[in-house]
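One structure below.
We're numbering straight along the sequence, starting at 1. Just so we're clear, the structure is a prediction, and the values are computed from it rather than from any experiment. Both counts, for ligands and for their atoms, begin at 1 and track the order of listing.
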Amino acid sequence: MLNRRKFITLTAASAYLTTLTDKVLAKTKEPLKSPLPVVISTWDFGVAANQGAWSILKKGGRALDAVEAGARIPEADMKNHSVGRAGYPDRDGHVTLDACIMDEQGNCGSVAAMENIAHPISVARLVMEKTPHVMLAGDGATQFAVENGFKNEKLLTPESEKAWKEWLKTAKYEPTINSENKDYKLGNKYNHDTIGMLALDAKGNISGACTTSGMAWKLHGRVGDSPIIGAGLYVDNEVGGATSTGVGEEVIRNVGSFLVVELMRQGHSPQEACEAAVKRIIKKKPEIAKKIQVGFLAINKKGEYGAYAIQEGFSYAVCNAEKQDLLIKGESFYK
Ligand code: ASP
């Protein structure tokens, strides 16, 4: 039983927390809203990825099929060095891919640090649908993919190899802030970014996908937020979904996407929830946060969506029956 003193202390603590939360979550503005079906994705390359998802959604298809098809587009893009087959390698020259997927029933699948397989998102889906597990990592993930008919192939492209050898000259691990605004095509200068995608189908069911090659030049075996359910991606068919991009370590430390969904569950708009999650990262590690990028993107079951990032330059793409190539500049803490 609580004694009186403990009770007073607890009441004061929860009052303080409420004020803090209220302050962070002060109503921003009317949320942006889309008709259903809709798909939203991180970064400029989300526009092309959304097309893949839209080809399924527009025919009344399932959100899960849509996000898988959408995520496969940047995974196959030879100019995209932060997702899929042309992704930059780790410090030792290995291309290791991370991805996860989650459906409207709370089923999820994931692969982490997987080598030699070009479409990690499809392997993640198979893990979800064909195994009793959620996550397969490293050689085990590759083995599972090969056993299920995926091609085992070398992923390090000549371009990526060249960039890696250039990096080896200094071998400094310094994540750049953004790879946005199509500059990701410029090569070695930029070294991360993930496609996080959320779709609501015509039935109003939600699914999400997240896929990346992670931070370029990372330590071999490093896994970021992107394949971790709750960190890089989380969906809940009662509430909505969220996904993240940027330096995954800070997202994992704060279980970012789960936090955004839980804030939406409490009644906050997607935009407000993303903002609160970003501010929590900044509050915990202000010095680190000044130098890195983290962005969240979220949508609720009504089709309201929003995003927020630490740094300027985060973009996201929205696609629905009204417009298929909308690209929006996300708001940020630092301007
Ligand atoms: N979140 C990814 C990771 O940490 C990278 C990114 O989105 O920029 O692996």
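Using a 30° and 60° split on the angle between ring planes, W217 and Y88 fall in the parallel class, below 30°.
A distance-only check finds a donor-acceptor pair linking the side chain of H81 to the backbone of A86 [under 3.5 Å]. Counting only distance, with no hydrogens or angles, the side chain of E153 and the backbone of I117 share no donor-acceptor pair below 3.5 Å.
Of all heavy-atom pairs between V223 and D98, the closest is CA-OD2, 4.0 Å.
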Pairs under 3.5 angstrom, nitrogen or oxygen on both sides, ligand 1 versus protein: list them out, please.
| residue | atom | partner | partner atom | Å |
| --- | --- | --- | --- | --- |
| ligand 1 | 1 (N) | D225 | OD1 | 2.6 |
| ligand 1 | 1 (N) | G246 | O | 2.6 |
| ligand 1 | 4 (O) | R222 | NH1 | 3.4 |
| ligand 1 | 4 (O) | R222 | NH2 | 2.8 |
| ligand 1 | 4 (O) | D225 | OD1 | 3.3 |
| ligand 1 | 4 (O) | G246 | O | 3.3 |
| ligand 1 | 4 (O) | G248 | N | 2.9 |
| ligand 1 | 7 (O) | T194 | N | 3.2 |
| ligand 1 | 7 (O) | T194 | OG1 | 2.5 |
| ligand 1 | 7 (O) | T245 | OG1 | 2.7 |
| ligand 1 | 7 (O) | G246 | N | 2.8 |
| ligand 1 | 8 (O) | H192 | ND1 | 2.5 |
| ligand 1 | 8 (O) | D193 | N | 2.8 |
| ligand 1 | 8 (O) | G246 | N | 3.3 |
| ligand 1 | 9 (O) | R222 | NH1 | 2.7 |

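Here the CZ-CG distance, from F258 to L263, works out to 10.0 Å after rounding to the nearest 0.5 Å.
Between Y308 and F296, a ring centre-to-centre spacing not shorter than 6.0 Å is recorded.
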